[in-house]
Amino acid sequence: MPPAKTRLPAIEGWFTLDEHAPALLGSRCTACGNFAFPKETFFCRNPECQGTEFADTELSRTGKVWSFTDACYQPPKPYEAADPYVPFAIAAVELAAEQMVVMGQVVPGVGVDALAVGTEVELVLDTLYEDDDHEYLVWKWRPCGADDTEETR
């Protein structure tokens, strides 16, 4: 049996690698409390705030589908696609506590026909692509209550 591949984030610093409770890593403005993802380091994204100091924070792991679509075409580089390309669903999810919208892929096997505005989803980790030694992970959205199969881990 070949040795296990090292699991790495496809984008460093955007999410935790906790297999059981992964979280997006964002920031919160110390002046107004506005949340940002990815992390903000220069100025608050709230146009009514002049804040320039931020606290790192783990964002909600759950939310509701705000909008969704499918990716029937292969995205351009630097996206790494399997060969042959397999279409997937994308969801814009309003995070439970922060009430901000974060986009992400939906887990394999869940297409747009299984989604609706308001569907409750949770954040999970999944492989975006791999090479001989590494699995490169991203966050994806999985409908709450969906089975945790090998395909969606």
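Quick note: numbers below take in every heavy atom, side chains included, and nothing from hydrogens, waters or symmetry partners.
For Glu130, the salt bridge (Lys or Arg N to Asp or Glu O under 4.0 Å) test picks out Lys5, with sequence neighbours left out. Taking Phe37 as the reference, Trp14, Trp139 meet the ring pair (Phe, Tyr, Trp, His ring centres under 6.0 Å) condition, with sequence neighbours excluded. Contacts of Val138 classified as side-chain contact (heavy atoms from CB on, under 4.5 Å), with partners at least two apart in sequence or in another chain: Ala10, Leu128, Lys140. Residues satisfying the side-chain contact (heavy atoms from CB on, under 4.5 Å) test with Ala31, not counting sequence neighbours, are Cys29, Cys49. When the side-chain contact (heavy atoms from CB on, under 4.5 Å) test is applied to Ala116, the partners found at least two apart in sequence or on another chain are Thr119. Scored by the ring pair (Phe, Tyr, Trp, His ring centres under 6.0 Å) test, Tyr136 finds Tyr129, His134 as partners (sequence neighbours excluded). Annotation: side-chain contact (heavy atoms from CB on, under 4.5 Å) contacts of Val101 (sequence neighbours excluded): Trp66, Ala92, Glu94.
Rounding to the nearest 0.5 Å gives a distance of 9.0 Å between CZ of Phe35 and CE of Met100.
In terms of hydrophobic clustering, with Ile, Leu, Val, Met, Phe, Trp and Tyr side chains grouped at heavy-atom distances under 4.5 Å, Phe54 and Val102 are assigned to different clusters. Leu25 and Val93 sit in two unconnected hydrophobic clusters of ILVMFWY residues. Membership requires side-chain heavy atoms under 4.5 Å apart, directly or through other members. Residue Val65 is grouped with residue Leu24 when hydrophobic side chains (ILVMFWY) are merged at heavy-atom distances under 4.5 angstrom, including chains of intermediate members.
When hydrophobic residues (I, L, V, M, F, W, Y) are linked wherever their side-chain heavy atoms come within less than 4.5 Å, the members clustered with Phe43 are Phe42.
With contacts defined as side-chain heavy-atom distances shorter than 4.5 Å, the pair Val110/Pro143 qualifies.
Pairs engaging residues 20-35 under the side chain to side chain donor-acceptor pair (under 3.5 Å) rule: none recorded [sequence neighbours left out]. Pairs passing the salt bridge (Lys or Arg N to Asp or Glu O under 4.0 Å) check and including a residue from residues 58-72, sequence neighbours excluded, do not occur. Residue pairs meeting the salt bridge (Lys or Arg N to Asp or Glu O under 4.0 Å) criterion with at least one partner in residues 31-55, sequence neighbours excluded, are Lys39-Asp56, Glu40-Arg45.
A donor atom on one side chain and an acceptor atom on the other are not found under 3.5 Å apart for Glu122 and Thr62.
Judged by distance alone, the side chain of Thr16 and the main-chain N or O of Ala23 form a donor-acceptor pair under 3.5 Å. Under the 3.5 Å distance criterion, the side-chain polar atoms of Glu98 are matched with a main-chain donor or acceptor of Ser60.
Residues Ala36 and Leu59 approach most closely at O-CD1, 4.4 Å, considering heavy atoms. Pro9 approaches Phe15 most closely through the heavy-atom pair CB-CZ, 3.7 Å.
Of the candidates Leu17, Ile11, Leu8, Asp126, Leu17 is the only one forming a side-chain contact (heavy atoms from CB on, under 4.5 Å) with Leu137.
Within 6.0 Å of CD in Gln50 there are 12 or fewer heavy atoms belonging to other residues, nucleotides or ligands.
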